[in-house]
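Atoms within a ligand are numbered from 1 in the order they appear, just like the ligands themselves. Excluded from the calculations below are hydrogen atoms, water molecules and symmetry mates; all remaining heavy atoms, backbone and side chain alike, are included. Keep in mind it's a predicted model, so treat the numbers as computed, not measured.
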Amino acid sequence: MRVDYAEDADLEVERLADGWLAVAREWLSDAVSADIPEPNALVLATVDAAGHPASRTVLCKGLDSDGVVFYTNYGSDKALHLKHTPYASVTFPWIGIARQLTIRGAAEKVSEETTAEYFASRPRGSQLGAWASQQSRPVGARADLEQALEDVTKRFDGQDVPVPPNWGGFLVRPDTVEFWQGRTSRLHNRIRFTVATSTVERLQP
Ligand SMILES: Cc1cc2nc3c(=O)[nH]c(=O)nc-3n(C[C@H](O)[C@H](O)[C@H](O)COP(=O)(O)O)c2cc1C
């Protein structure tokens, strides 16, 4: 279970002189090229009303200077957490290429137009599934979900599927962005970019 990492060039603080985005996009694109499974998957951490953390995987559907975007059900646990405490930490765990990227910052809903544009690009099955599932709420049996899907499939037969009222995107606006790169002897590279001050710091591994 011990892997020695050292395949690619060391990440240096100078690479982040112009900000965090270029390297973040480069690393995402490297993860895609490396054929690792679900390269845009990220682990989203939120806190509930009691201050207890919760984490789960979602898919990154936007990465630009504003931050990271993912889509979900606005009635789900994660969305309720973000309503109460609109702050998140997201981690891309690119284990297969010995890299990790963590972004922490305030989370807000994206505009309805942005959600509508993304929703329209989804396969019809996913659009219908979004209507059929009250995400994170209990359900008696799988058959109930299948019935709900059948019902919405009939309801929208022959029509475009509109965005469900309780569904949309969140944007996490970075306060800090930390790049981690595995190195030999556990002397890994960690470089943190702080957006408010454009500070770049190397951290001990
Ligand atoms: C690879 C992968 C990708 C996922 N992508 C999403 C996603 O983009 N949006 C989403 O709401 N849930 C996604 N899920 C499901 C979530 O991990 C989670 O089960 C669900 O959103 C409910 O979380 P919550 O109860 O904490 O709100 C994904 C799960 C996996 C394993």
Problem - Salt bridge flag under 4.0 Å for residues R25 and D30 - result: no
Practice task
Could you verify whether a donor N or O on one side chain and an acceptor N or O on the other, from T102 and T91, lie under 3.5 Å apart?
Solution key: yes
Completion exercise
Residues with a heavy atom under 4.0 Å from ligand 1, by chain and number, are R56, T57, V58, L59, Y71, T72, S76, D77, K78, Q135, S136
Handout entry: Criterion side-chain hydrogen bond (donor to acceptor under 3.5 Å, both in side chains) against E178, the qualifying member of Q100, R192, R104, R190
Key = R190
Exercise for the section: Can you establish whether the number of heavy atoms outside E146 located under 6.0 Å from its atom CD is more than 12? Expected result: yes
Practice task
Give a yes or no on whether R137 atom CZ has more than 12 heavy-atom contacts from other residues, nucleotides or ligands under 6.0 Å away.
Solution key: yes
Handout entry: D64 side-chain N/O to D66 backbone N/O, donor-acceptor pair under 3.5 Å
Key = yes
